[in-house]
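One structure below.
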Amino acid sequence: FHRVEEKKMKNFRTYQLALSFYQESQKIRLRSPMKDQFERAVLSIPLNLAEGSAKPTAKDRRKFYRIALGSLREVQCLLEISGDRELFAKADILAAHLYRLCLRT
């Protein structure tokens, strides 16, 4: 069972993009109040994708995928405020994947 789940997550492209985005986001420098909120929101993206992928129904999965998209929108706002155009562009790619995932599920 564990290997099946591990393979499923490796093949879950949006989740893998979210993990990569999280790792890249750790380099950003933000002021303290923004940094705390950014950290919570950016971590919420892969966590909600992982949790949603384990749900038994499409309705349940979609709920968590939408939460992940909402967290990403929050991250994008903070990136826009910070002026980090490079990371914002990467967030936009992830947003497109998340949006399509929400529509397909």
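Keep in mind that what you see is a predicted model, and the values were worked out from it rather than measured.
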| said: Take a 6.0 Å sphere around CZ of F88 and say whether it holds more than 12 heavy atoms from other residues, nucleotides or ligands. | reply: yes

| Within a radius of less than 6.0 Å around CD of Q26, do more than 12 heavy atoms belonging to other residues, nucleotides or ligands occur? | yes

Nearest 0.5 angstrom please: [X] [atom1] to [Y] [atom2], how far?
X    : Y    : atom1 : atom2 : answer
Y22  : L47  : OH    : CG    : 8.5 Å
L19  : L94  : CG    : CG    : 10.0 Å
L72  : L79  : CG    : CG    : 8.5 Å
R100 : L103 : CZ    : CG    : 9.5 Å
R40  : S71  : CZ    : OG    : 11.0 Å
H97  : R13  : NE2   : CZ    : 6.0 Å

If you compare all heavy atoms of [X] against all heavy atoms of [Y], which two are closest, and at what distance to 0.1 Å?
X   : Y   : value
G52 : R61 : O-CG, 2.8 Å
I28 : F38 : CG2-CE2, 3.6 Å
I45 : A18 : CG2-CB, 3.8 Å
I67 : S44 : CG2-OG, 4.4 Å
I81 : M34 : CG2-SD, 3.7 Å

| said: Could you walk me through whether L30 and E39 satisfy the side-chain contact (heavy atoms from CB on, under 4.5 Å) test, starting with their C-alpha distance in whole Å, then the side-chain angles of each, then the deciding distance to 0.1 Å, before giving a yes or no? | reply: CA-CA 10 Å; L30 296 169; E39 286 295 321; over 6 Å; no

| said: Are L17 and F21 connected into the same hydrophobic cluster when the rule is that any two of I, L, V, M, F, W, Y join if their side-chain heavy atoms are below 4.5 Å apart? | reply: yes

| task | Report yes or no: do V42 and L101 belong to one cluster of Ile/Leu/Val/Met/Phe/Trp/Tyr joined by side chain heavy-atom distances under 4.5 Å? | result | yes

| field | Modelled atom types, side-chain donor and acceptor of R73 and Q76, under 3.5 Å | value | yes

| task | Begin with the C-alpha distance, continue with both residues' side-chain angles, and end with the deciding distance and a verdict on side-chain contact (heavy atoms from CB on, under 4.5 Å) for V75 and S25. | result | CA-CA 10 Å; V75 166; S25 74; over 6 Å; no

| query | With distance as the sole test, does E24 use its side chain to make a donor-acceptor pair with the main-chain N or O of L87 at under 3.5 Å? | reply | no

| query | Is a side-chain N or O of K90 found less than 3.5 angstrom from the main chain of R85, in a donor-acceptor match? | reply | no

| task | Could you give me the CA-CA distance, side-chain angles and deciding distance for S53 and Y65, then say whether side-chain contact (heavy atoms from CB on, under 4.5 Å) is met? | result | CA-CA 9 Å; S53 72; Y65 298 162; 3.8 Å; yes

| message | With side-chain contact (heavy atoms from CB on, under 4.5 Å) as the criterion, how do D36 and S32 come out once you've worked through the C-alpha distance, each side chain's angles and the decisive distance to 0.1 Å? | response | CA-CA 6 Å; D36 294 339; S32 187; 4.2 Å; yes

